[in-house]
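Numbers here simply count residues along the sequence, with the first being 1.
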Amino acid sequence: MVFIDKSSGKPYYEQLMLGIKEEIVSGILKPGDQLLSVREMSRELTMNPNTVSKAYKLLEAQDVIITVKGKGTFVKALTTEMDPKSVEKIQRQLSELTIEAYYQNISSEELKRWVEDSYKKIKGEHT
């Protein structure tokens, strides 16, 4: 189940989106699996249903999930195509992170190791 850090500065809907994506890439959630309804998820995570609804709508817009009227919300298969806007956003975020790392005196080699370790973790490999 997705964990929401109430003390984090990151908006709850973003945490929920990332948590769902993490469960998909790690294999906890598989294509075709049904997500909890907005109401059930909001109750489970003790958050406002509008927040869950926003996360679900954004995940749908990103082609991560699909809602079937009267049936529920389901995980879609991982896409093999790259969305140029998403790639641009990730590049921008990585650039910002690199600047922060530089000012913390973190080497590019250390950053590369972190990225590789993160990928291994997602794939269930041990470092």
Distance-only criterion, 3.5 Å: show the donor-acceptor pairs between side-chain atoms of residues 32-55 and protein atoms not counting sequence neighbours.
| unit_1 | atom_1 | unit_2 | atom_2 | d |
| --- | --- | --- | --- | --- |
| D33 | OD2 | K30 | N | 2.8 |
| Q34 | NE2 | K71 | O | 2.9 |
| S37 | OG | E40 | N | 3.0 |
| S37 | OG | E40 | OE1 | 3.3 |
| E40 | OE1 | S37 | N | 3.0 |
| S42 | OG | V38 | O | 3.2 |
| S42 | OG | R39 | O | 2.8 |
| N48 | OD1 | N50 | N | 2.7 |

I need the minimum non-hydrogen distance between [X] and [Y], along with the two atoms involved.
{"X": "V2", "Y": "G19", "value": "CG2-C, 3.7 Å"}
{"X": "Y12", "Y": "K6", "value": "OH-CD, 3.4 Å"}
{"X": "Y56", "Y": "I65", "value": "O-CD1, 3.4 Å"}

For the atom pair [atom1] ([X]) and [atom2] ([Y]), what is the distance rounded to the nearest 0.5 Å?
{"X": "T73", "Y": "I66", "atom1": "OG1", "atom2": "CD1", "result": "9.5 Å"}
{"X": "I90", "Y": "R92", "atom1": "CD1", "atom2": "CZ", "result": "10.0 Å"}
{"X": "L29", "Y": "E22", "atom1": "CG", "atom2": "CD", "result": "11.0 Å"}
{"X": "D5", "Y": "K10", "atom1": "CG", "atom2": "NZ", "result": "11.0 Å"}

Q.
Evaluate I106 against W114 for side-chain contact (heavy atoms from CB on, under 4.5 Å), listing each step before the verdict.
A. CA-CA 11 Å; I106 296 168; W114 291 351; 3.5 Å; yes
List in chain and number order the residues that pass side-chain contact (heavy atoms from CB on, under 4.5 Å) with [X], two or more places apart in sequence or in another chain; answer none if no residue qualifies.
{"X": "S118", "answer": "none"}
{"X": "M82", "answer": "V87"}
{"X": "Q62", "answer": "M17, K21, L59, V64"}
{"X": "V25", "answer": "L78, I122"}

(Q) Quick check: is I4 connected to M1 through a chain of hydrophobic side chains (ILVMFWY, heavy atoms under 4.5 Å apart)? (A) yes
Q) Taking C-beta and beyond as the side chain, do E14 and P11 meet within less than 4.5 Å on heavy atoms? A) yes
Q) Hey, are the side chains of P31 and K76 touching, using non-hydrogen atoms and a 4.5 Å cut-off? A) no
Q. Which side-chain hydrogen bond (donor to acceptor under 3.5 Å, both in side chains) pairs, counting each pair once, include a residue from residues 95-107, with sequence neighbours left out?
A. none
